[in-house]
There are 2 protein chains.
Amino acid sequence: MLLEAAADLFAERGIEASSIDAIAAAAGRTSGAVYDHFGGKEGLLYDLLQEWVDDVAAVVAVEMMEATTLEERMAALWRNVKQPPKGGGRWMALEHELWRYATRDDAARQHLARRYRVAWEGTDAAVAAGGDPGAARMAVGPAIVGLLFGLEMMRRVDPAAVTDDMAVAALMGVALAARHHDRAQP
Amino acid sequence: MLLEAAADLFAERGIEASSIDAIAAAAGRTSGAVYDHFGGKEGLLYDLLQEWVDDVAAVVAVEMMEATTLEERMAALWRNVKQPPKGGGRWMALEHELWRYATRDDAARQHLARRYRVAWEGTDAAVAAGGDPGAARMAVGPAIVGLLFGLEMMRRVDPAAVTDDMAVAALMGVALAARHHDRAQP
DNA sequence: GTCTATATCCAGATAGAC
DNA sequence: GTCTATCTGGATATAGAC
């Protein structure tokens, strides 16, 4: 399938380094098929995106519901970033590709921004869950998501540097900072 | 100067999208000069790296010395990531390019790993400073550096989403998690 | 050291046959 | 829908003149 071949190649070699011919060949087609279906590389990228996001979000949402403590929720987040439910490791590499792409293409940037806003809100809900429902906490969604991203990056250059314990402790630190911040300014 | 032109173009367009011809032209030279001096694009990239790292590290080191509280140190870190001392914003974009590059080239990956280990140690020292010198804290260097990276990325897709207050609060949260962790297991 | 060719290759995209 | 040309542009890299 063209989309799967594209996901593999994008994650392995990078978006720019993956030619349409190579993608088509990996799927047993020729470039013409790609142009007919997606209009080009960019169209392929967006269609691919659409598929992934829903999958990952669904899995994370379920795990957030099942977890009972804040620590469990943070551990679940980290687990899903470290070992994504689908496509063993391709996700973050692709996400990274997308990110870099988006910083140079404004339409892609806004696309990404919209997507991340959803993630931030979901994360804030995960932090707030179990606490005082009426408390006005600091929104730390971007910090939690950013930390997840950053931890995964550090792990990629040196896997031993990021233990699960450290990752969860750091996530808890940020989550609790949101609550402490509440206490500080009543 | 060729190195400066390369830094600009790499950060603006990305490494792959920056042709040697374009780099040379931006510096008022032709491609031949690049090949004679650096052997190609990769050589240029590494030479460029060498220069940058020292500059940024030196500035951060000074600010770490001048700050007296943990919060000041964390705020200084964030400030330098948000607005690097040199080259207004090119640093992180370039760093990101490098990262992506390194995830596919093993020599580059180890180069990066060595460099980051230094950053992690420096960050741990910044967290430990002012506390009990003998206390065995959790090493959170990778988490702090990762968080800085992640915050900058979130800010890049949506600048309003990451306020300075939130960034510093999150950094403090991770830093304090290292200390709390100490208290938990004596 | 630096330039001006130039060789070689591969990219994205399209038109038209099947 | 998918393939097979094919056009056009731009990339790396080198050889040799200045």
Side-chain angles (χ1 to χ4, degrees), chain A residues 1-51 90 93-94 96-109 111-112, chain B residues 1-51 90 93-94 96-109 111-112:
Chain A
M1 211 243 211
L2 279 168
L3 277 175
E4 258 192 73
D8 282 339
L9 285 183
F10 283 168
E12 270 167 38
R13 310 183 189 173
I15 293 174
E16 274 137 315
S18 305
S19 71
I20 295 189
D21 269 337
I23 293 168
R29 308 266 98 119
T30 58
S31 63
V34 175
Y35 283 103
D36 283 327
H37 275 292
F38 307 100
K41 207 198 274 186
E42 206 146 329
L44 223 173
L45 186 63
Y46 281 108
D47 276 35
L48 185 60
L49 194 52
Q50 197 80 22
E51 226 189 44
R90 291 179 314 173
L94 184 60
H96 218 124
E97 283 298 321
L98 223 53
W99 206 281
R100 209 188 55 107
Y101 194 86
T103 54
R104 290 185 182 90
D105 182 288
D106 207 60
R109 213 202 79 246
H111 190 110
L112 213 61
Chain B
M1 211 243 209
L2 280 168
L3 277 175
E4 259 193 71
D8 282 338
L9 285 183
F10 283 167
E12 270 166 38
R13 308 181 189 174
I15 293 174
E16 274 139 314
S18 305
S19 72
I20 296 190
D21 268 337
I23 294 168
R29 307 265 97 116
T30 58
S31 63
V34 175
Y35 284 103
D36 283 327
H37 274 292
F38 307 99
K41 208 199 271 186
E42 205 146 329
L44 223 174
L45 186 62
Y46 281 108
D47 276 35
L48 185 59
L49 193 53
Q50 197 80 25
E51 226 189 43
R90 291 178 315 172
L94 185 59
H96 215 131
E97 283 298 323
L98 223 51
W99 205 280
R100 209 188 57 106
Y101 194 87
T103 54
R104 291 187 181 89
D105 182 288
D106 207 61
R109 213 203 78 246
H111 190 110
L112 214 60

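Protein chains get the first letters and strands the later ones, always in sequence-line order, with residue 1 at the start of each. These figures come from a predicted structure and were not determined experimentally. No hydrogens, no waters, no symmetry mates; every other heavy atom, side chains included, goes into these values.
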Enquirer: If each of Gly39(B) and Ala33(A) is mapped to the nucleotide of DNA chain D with the nearest heavy atom, which maps nearer the 5' terminus, i.e. the 5' end?
Expert: Ala33(A)
Enquirer: Within this structure, what is the CG-to-P distance between Leu45(B) and dT12(D), rounded to whole angstrom?
Expert: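 Taking CG of Leu45(B) and P of dT12(D), I get 13 Å after rounding.
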Enquirer: Any protein N or O atoms within reach of nucleotides 5-10 of chain D? Criterion: under 3.5 Å, listing atom names and distances.
Expert:
none

Enquirer: Rounded to the nearest Å, what distance is computed from the NZ atom of residue Lys41(A) to the P atom of nucleotide dG12(C)?
Expert: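 Checked: the NZ to P distance equals 5 Å.
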Enquirer: How close do Glu16(A) and Lys41(A) get, heavy atom to heavy atom, and via which atoms?
Expert: O-NZ, 3.5 Å
Enquirer: Looking only at heavy atoms, what is the nearest atom pair of Leu48(A) and Leu3(A), with distance?
Expert: CD1-O, 3.4 Å
Enquirer: Leu2(A) CG to dT2(D) C1': how many Å, rounded?
Expert: 11 Å
Enquirer: Please give, in whole Å, the distance from dT2(C) P to Asp21(B) CG?
Expert: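 It is 16 Å, rounded to the nearest whole Å.
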Enquirer: Using whole Å, what does the distance between atom P of nucleotide dG16(C) and atom CG of Asp36(A) come to?
Expert: 14 Å
Enquirer: In whole angstrom, what separates Ile23(A)'s CD1 from dC10(C)'s P?
Expert: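 The distance from CD1 of Ile23(A) to P of dC10(C) comes to 17 Å, rounded to the nearest Å.
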Enquirer: Roughly how many Å is it from CD1 in Ile20(A) to P in dT14(C), rounded to a whole number?
Expert: 10 Å
Enquirer: Has Glu4(A) got more than 12 heavy atoms of other residues, nucleotides or ligands less than 6.0 Å from its CD?
Expert: no
Enquirer: Quick check: closest heavy atoms across Ala6(B) and Leu44(B), and the distance to 0.1 Å?
Expert: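 Of all heavy-atom pairs spanning Ala6(B) and Leu44(B), the closest is CB-CD2, 3.4 Å.
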Enquirer: A side-chain contact here means heavy atoms from C-beta on lying under 4.5 Å apart; do Phe10(A) and Ile23(A) qualify?
Expert: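 Touching, per the 4.5 Å side-chain cut-off.
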Enquirer: Considering only dG12(C), dG1(D), dT2(C), which nucleotide approaches the side chain of His37(A) most closely?
Expert: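 Closest nucleotide to the His37(A) side chain: dG1(D).
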Enquirer: Which nucleotide wins on minimum distance to the side chain of Thr30(B), given the candidates dT4(C), dA13(C), dT12(D)?
Expert: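 That would be dT4(C).
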Enquirer: Starting from C1' on dA13(C), measure out to CG on Leu44(A) and report it in whole angstrom.
Expert: 15 Å
Enquirer: To the nearest 0.5 Å, what is the distance between CZ (Arg29(B)) and CD1 (Ile20(B))?
Expert: 16.0 Å
Enquirer: Would you indicate which nucleotide in dT2(C), dT12(D), dG12(C) comes nearest to any side-chain atom of Tyr35(B)?
Expert: dT12(D)
Enquirer: Which heavy atom of Ala24(B) sits nearest to which heavy atom of Leu2(B), and what is that distance?
Expert: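 For Ala24(B) versus Leu2(B), the nearest heavy atoms are CA-CD2, 4.0 Å.
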